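Naming: A, B, ... by sequence-line order, numbering from 1 per chain. Predicted, not measured: the structure shown is a model, and the values here were computed from it. We use all heavy atoms of the structure for the numbers below, so side chains are in, but hydrogens, waters and symmetry mates are not.
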2 protein chains.
Amino acid sequence: MDFQVSFNLNEKVFLRDPESSEVGKKLVKSAIDLIYELGFEHFTFKKLAAEVNTTEATVYRYFENKHRLLLYILNWYWNYMEFLLEFRLQNVTDTRVKLQTIIELLTQELPESSGKMDYNKRYLNQIIISESSKVYLVKEVKEINKSEVFKPYKDLCGKIAEVVSEYNPAYQFPRSLSSTLIETSHYQQFFCNYLPRLTDSKGGDQKTFTAGFLSDLLFKTLDHS
Amino acid sequence: MDFQVSFNLNEKVFLRDPESSEVGKKLVKSAIDLIYELGFEHFTFKKLAAEVNTTEATVYRYFENKHRLLLYILNWYWNYMEFLLEFRLQNVTDTRVKLQTIIELLTQELPESSGKMDYNKRYLNQIIISESSKVYLVKEVKEINKSEVFKPYKDLCGKIAEVVSEYNPAYQFPRSLSSTLIETSHYQQFFCNYLPRLTDSKGGDQKTFTAGFLSDLLFKTLDHS
DNA sequence: TCTTTTATTATAGTAATACTATCAATAAAA
DNA sequence: TTTTATTGATAGTATTACTATAATAAAAGA
């Protein structure tokens, strides 16, 4: 089975839809490679243009600046995650299994084959872990938020919160718990890799460790309310 | 009672100790004001120099770059937090009370009067919330970590983890839980302020809300192992 | 006291970044 | 065939992140 997924990304994140042209697609794909390789701070439109054999002016016609481009990538990711969640939770009735699936989804890498999506998933995953908070931890967050570009994140969070409430309707903080699960899955993996003394990882796989920690946290919190 | 606290900050974070001169002290104090006001991305050494009525070259003699300056501020904060923790936990025997004190410390603002410390504490608090993760979420983290500049953070985390283990020796993830408490206290407050749909805050005080959420999470996790 | 050394600014300059503006080439629509 | 719109190439500017060197002041030695 092979299928294509595409999302209606908020038009506020781009000036011209990168999906509408070959250069646009290459731009996003190469951006993922470069941001992974250089880190967001050292990533520039000039370097991206060189990689795609075009000019800076072209890149600026698609995205207002590199922050918006990162936002585009994250919007794509959040949408994809919500899709995967919906898909994987289909016909699952046991709410406990639902929660376990969610934790798996948050900690394991994106599935390799998913139609036309030819982004490097390992890189994308690492970007999500290391760079995603940079789109909202900025002075302009209030202004940016008005254009609804964080809606996919809020929706993903909301969907997880629904399952949490389904599992334990009495629990008071379903949304905060969901955003905590998402964020914690990122930086615990980051810490395992780079600052392991901030974790209890014993040098094994950071994804397995993080899944174990989150699962323990989640069920202990929800099983005793 | 009035007392002075000072820490031996790792010499790797500065080129010349800012505490050793008047300009140095003004530099750090004004940096806190400016980073709060502009956000770390828009904060530059040129603007800082103008604020202190000196030149860029002078600033560069104290700190290698603005990243190191932020690291200096955070090192100061982490050290101060560990000191406060030690201080406030003095003679407390009930480990439950100890944990509650820790959550208070992580969510409430820094105490106003603490000797010579004349940094703007409201600003410093906001910087901790919005900017602190930017010191480690960078490509160079491995290299930076070698100079031990994250030790104060690790020590703080370790100290909290000790109390966690004291409260429940069987719990498997004391360090990860501690770093999660610290990080979650930051971004839940941030979310309450700017992206409230990622939380369950009902518009009340974000600090009280975050404390409530964290306390619920912590004790449910530790009371049932 | 005067001179020499050293330290510390101030001035100036460079390479890179983050954009903008202009203009020509090309392609699609009328 | 002309008009219109879309591209991409070229060039240019303001700001950022530094570096290098000259000027000045403070400290130390003769």
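Among the candidates B/Leu124, B/Ile128, B/Val13, B/Val149, the single residue satisfying the side-chain contact (heavy atoms from CB on, under 4.5 Å) test with B/Leu74 is B/Ile128.
Rounded to whole Å, atom C1' of C/dT8 lies 14 Å from atom CG of B/Leu15. What separates CZ of A/Phe43 from P of C/dA18 is a distance of 9 Å, to the nearest Å. Atom CG in A/Asn65 sits about 9 Å away from atom P in C/dA18, given to the nearest Å. As a whole-Å value, the separation of A/Arg68 CZ from C/dA18 P is 16 Å. Atom CZ in A/Phe63 sits roughly 17 Å away from atom C1' in C/dC19 (whole-Å rounding). Going from atom CG of A/Leu48 over to atom C1' of C/dC19 covers 15 Å, rounded to whole Å.
Among residues two or more places apart in sequence or in another chain, the ring pair (Phe, Tyr, Trp, His ring centres under 6.0 Å) test is passed with B/Tyr194 by B/Phe190. The ring pair (Phe, Tyr, Trp, His ring centres under 6.0 Å) check on B/Phe45 picks up B/Tyr60, with sequence neighbours excluded. Take B/Glu109 and apply the side-chain contact (heavy atoms from CB on, under 4.5 Å) test, not counting sequence neighbours, and it matches B/Arg122, B/Asn125, B/Lys207. Residues passing the side-chain hydrogen bond (donor to acceptor under 3.5 Å, both in side chains) test with B/Tyr153 are B/Glu183, sequence neighbours excluded. Every residue two or more places apart in sequence or in another chain that forms a side-chain hydrogen bond (donor to acceptor under 3.5 Å, both in side chains) with A/Thr180 is listed here: B/Gln188. Every residue two or more places apart in sequence or in another chain that forms a side-chain hydrogen bond (donor to acceptor under 3.5 Å, both in side chains) with B/Asn145 is listed here: B/Lys154.
Within residues 29-42 of chain A, no residue approaches DNA chain C, by heavy-atom distance under 4.0 Å.
Between A/Lys46 and the phosphate of C/dC19, there is no side-chain N or O to OP1/OP2 separation shorter than 4.0 Å. A/Lys66 has a side-chain polar atom (N or O) that falls below the 4.0 Å cut-off from OP1 or OP2 of C/dA18. The phosphate of D/dT15 (OP1 or OP2) has no side-chain N or O of B/Lys47 nearer than 4.0 angstrom.
Using a 4.0 Å heavy-atom cutoff across all strands shown, B/Tyr60 reaches at least one base atom of the nucleic acid.
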- Note on the structure: With sugar-phosphate taken as primed atoms, P, OP1 and OP2 and all else as base, the protein-contact string of nucleotides 7-12 of chain D at under 4.0 Å (heavy atoms; B, S, -) is BBSB--
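Across the strands present, C/dA30 finds its partner in D/dT1; the criterion is a Watson-Crick or G-U wobble pair with both atom distances under 3.5 angstrom.
For residues 43-54 of chain A, the pairs satisfying side chain to side chain donor-acceptor pair (under 3.5 Å) are A/Thr54-A/Thr58, with sequence neighbours left out.
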- List the steps, then state whether salt bridge (charged side-chain N to carboxylate O under 4.0 Å, His left out) holds for B/Glu148 with B/Lys151. CA-CA 5 Å; B/Glu148 300 214 292; B/Lys151 190 171 179 294; over 6 Å; no
